[in-house]
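What's counted below: heavy atoms across the whole structure, side chains too, no hydrogens, waters or symmetry copies. Remember, it's a predicted structure, so these values are computed and weren't measured experimentally. In this chain, numbering begins with 1 at the start of the sequence shown.
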Amino acid sequence: MTGTGAPRPLHEYLRDHARARPAHPAVLWYGAALSYGELDRLSDGFAARLAELGVRKGEPVALFMQNCPQYLIAHYGIQKLGAIVCPCGPLNKEHELQYQLDDLGARVIVAAAPLMPVVDKVRPATALEHVFVVRYADLLPEVPSIDLPEELARERSELAQELAQRRAIPSQPNAIPEGAEDFLAAARSGAVPPAVEVAMDDIALMTYTSGTTGLPKGAMLSFDNALYKTEASCDIYRVGAGDTMLAIAPLYHIAGMLMGVNMTVYAGATTVLLYRFDPKAALQAIARHRVTWWYSIAPMNVAAMQVPGAKEFDLASLRMNPVTSFGIAFTEALASQWREFAPNCLSYEAAYGLSETHTMDTAMPPDAIRWGTHGKPVPDNEVRIVDPDSGREMPAGEPGEITIRGRGVFKGYWKKPEATAKTLREGWVHTGDMGRVDADGYLTFMGRFKEMIKVSGYSVFPEEVESILIRHPAIAQAGVIGVPDPEKGEIVKAFVVLKPGLPEAGRPTEADIVAWARENMAVYKAPRQVAFRDSLPATGAGKMLRRLLKDD
C-alpha cells in the first residue's frame, strides 16, 4: 500500500493536496479546472452550511445528481462533518426516490435542477426539510474543450440568458426554485466547518443494493472501507499524482465513485469528468487533455472505436484502461483492437466486486493478465468459494458461492439486522454470486444465484419493479425476471395478472404497459417485454416463485 502512518479518511488527503499543491487541478469539467485548493474550500463551505442546519455526525445526507464537480464538493463536504454520503440514482423516478429517502429518514438532499420535479413530488411525504439545488452549467467554461451533451449545452444557454437579464435588471432574482437553496452559493460562503473527530470505523457512505434478495438496502460502508479499497486500487492500477484520469462511469455507483471520486483525491491526480458517456467526447477528452488512465465499460470502448474518424484522435497518452464486461465481454481480441487506436494502452478485465465490500475485491495484475478471469484478490482480502448449501470450501477450479472477508467488508444493512445476518456471517460476505478460483488464485465470476437483474451494468431488483407495476390501475399482480439480451446483458421481462372485470377498452396491451413503466420508473428498470397470465406461481404461503417464471 502507498499509504503511510495511521489510516486517515480520504478528505484529509484532500486537505494535504490543497496545502501542498493548491492550484493543481483536481477536476477538469469540459475544460474548466477545479483546483485542489478550491475543492477543499468549497467542501469546507458546504460542510459549514450543513452544520448550521443542524446536520451532525452519523446523519444521512442524500445526493441526487448526475456526474458533475458539485458531486465531489458535496461528497467531501458531507464526510468532513462526519455525516453519511447517500447517493440516489439520478434515473430514479418518484416511487424509487421516496423509498430511499423514507428508508434513510433524510432531512437534507442535494439535487440537480433538472431533477427537482421528482424531489418536489416526494418532498411533502418524506422527512426532507432542506433542499440544495445544483445547476450543472454553473461550473462549465465559456469555451468547452470537449463537445457538450445536448442537455448541458441547453442548460448553459439558459444560464447565460439568466445572467444577462440579471446584469440588465440587478434586482432580478436567480432561477433557484422556491423553497430550495443554491448549492454553489452555500459552498462559496468561505465558512469553516466545526472540527469533527472521525473514527475510521464510522459510517462514511451508504450505497443502495439488493443484498441477496428483496428491495434495495443501504449498505453501510466505513471511512476505512473506502481508504483500503482506494489504496489498493491506486497501487494495483499504478495511479499517481502525475496521472490524468478520465471519469465517465456514474459517480453515484460504487465503482464510478471509487475510480472518479476516491482514487484521484488519494493520489493527488487530475480527473477529466464527463456528465455522461458520449463516444466522441471520450476520444476528445483523451486526446485534448492527454489522459493517461481510464476506467471504462466494454461497450464504451466499442462505441469509441466506431466513431467516424476515431483513428485521427491522438490517444498515445493513454497507458492503462481497466475495463468491466457489462453487456459485452472484454476479450483479448477486443483489447488488441483497442490498441490500434490507443497504441500505448494496456487494457484488460478490471475486477470483481460488490457494494457490500466497496467493490474491487479482485483485480487483474497488469503484468500477469489471465483472460476470461476477473483477476486475483487484492492484498489482505480473502476470497473463498463455498458450497452454498453446506458452506464447505470448494477445491480449486470447482464452482460455488463467492464469499469475501477483509477490510472492505461493510458494517451491515441500514436498519435491517435480519438481512445483515443472512449476508454477513462470521466476517464473511456471502455474495449470492457463483464463481470459481483456479490453482493460481484467479477468480472467474460465473453468474448470480440471487435474482437481481443486471441491465447494462445497472442493478434491478425484481421486488421493486413489481411494487411499482402493481400501481398500474389495471394490474393485480406482477412478477419480474431478467432475460438475456445481446446488447444489455439482461433486460427486464414482466409477467402480469390483470384485475378481473376490466372492460375490453380498459385492458392494456404490452406496449401500453411498457410505455407506462418507462414513465414511472428509471428507464433501465422498465420491462421491455410483458406477458399476460391468469395467475403467477407461488408457494402455499404466497411467496412468488420467480424461478418458475424463467421456465415459462
Side-chain angles (χ1 to χ4, degrees), residues 26-27 29-30 32-35 37-55 59 61-81 83 85-88 90 97 101 106-124 126 128-142 148 151-193 251-252 273 275:
V27 178
W29 175 238
Y30 293 90
L34 179 71
S35 72
E38 291 169 322
L39 179 55
D40 190 44
R41 283 193 300 275
L42 292 172
S43 54
D44 268 356
F46 182 57
R49 181 66 182 117
L50 289 176
E52 285 180 3
L53 293 171
V55 174
E59 179 172 342
V61 178
L63 302 183
F64 189 42
M65 66 189 107
Q66 296 275 16
N67 289 2
C68 59
Q70 294 95 320
Y71 191 102
L72 282 84
I73 296 166
H75 179 105
Y76 285 113
I78 293 165
Q79 291 188 343
K80 283 178 175 180
L81 203 59
V85 173
C86 301
C88 303
L97 180 63
L101 293 177
R107 295 189 303 119
V108 178
I109 189 170
V110 183
L115 300 175
M116 279 300 296
V118 183
V119 175
D120 288 339
K121 285 179 183 176
V122 306
R123 190 174 183 177
T126 66
L128 283 180
E129 297 174 6
H130 204 87
V131 177
F132 290 94
V133 177
V134 162
R135 297 191 295 188
Y136 297 126
D138 276 343
L139 296 176
L140 286 172
E142 287 189 18
L148 294 178
E151 53 268 52
L152 286 195
R154 184 170 58 250
E155 263 201 59
R156 186 165 156 269
S157 174
E158 291 169 355
L159 180 61
Q161 292 175 12
E162 179 196 328
L163 293 175
Q165 289 172 355
R166 288 170 63 188
R167 281 193 294 269
I169 310 172
S171 60
Q172 173 114 354
N174 66 24
I176 298 299
E178 187 177 349
E181 181 175 352
D182 186 332
F183 171 82
L184 205 54
R188 285 172 168 165
S189 68
V192 177
L251 300 183
Y252 68 87
L273 180 64
Y275 171 78

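For the pair E52 and R49, the salt-bridge criterion is met [side-chain N within less than 4.0 Å of a carboxylate O].
Rounding to the nearest 0.5 Å places CG of L53 at 7.5 Å from CZ of R107. Here the CD1-OG1 distance, from I109 to T126, works out to 8.0 Å after rounding to the nearest 0.5 Å.
In this structure, the side chains of L81 and V61 stay at 4.5 Å or more apart for every pair of heavy atoms. Between V131 and M116 the shortest side-chain heavy-atom distance falls below 4.5 Å. At least one side-chain heavy atom of V118 sits less than 4.5 Å from a side-chain heavy atom of F64. Contact check for I78 versus F46: side-chain heavy atoms found under the 4.5 Å cut-off. Proximity of L139 to C68: side-chain heavy atoms (C-beta onward) are nowhere separated by under 4.5 Å. No side-chain heavy atom of P114 sits less than 4.5 Å from a side-chain heavy atom of Q66. L251 places a side-chain heavy atom less than 4.5 Å from the side chain of L273. Side-chain contact between L152 and W29 is present, with at least one heavy-atom pair separated by less than 4.5 Å.
Side-chain N or O atoms of R135 include none that pairs as donor or acceptor with a backbone N or O of D182 at under 3.5 Å.
Of all the heavy atoms in G77 and A47, the pair that sits closest is O-CB, 3.2 Å. When all heavy atoms are compared, the tightest approach of Y71 to M65 is CD1-CG, 3.7 Å. Here the closest non-hydrogen pair linking P90 and L115 is O-CD2, 3.6 Å. F132 and A186 make their closest contact through CE2-CB, 3.9 Å (heavy atoms, listed as atom of the first residue, atom of the second, distance). Contact between H75 and V85 at its shortest, heavy atoms only, is O-CG2, 3.4 Å.
With S43 as the partner, the side chain to side chain donor-acceptor pair (under 3.5 Å) test is satisfied by one option alone out of E38, Q79, K80: K80.
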*Is there a side chain to side chain contact (heavy atoms under 4.5 Å, CB included) between D138 and Q70 once you walk through the steps?*
CA-CA 9 Å; D138 276 343; Q70 294 95 320; 4.1 Å; yes
*Verdict with supporting geometry, L63 and Y252, side chain to side chain contact (heavy atoms under 4.5 Å, CB included)*: CA-CA 8 Å; L63 302 183; Y252 68 87; over 6 Å; no
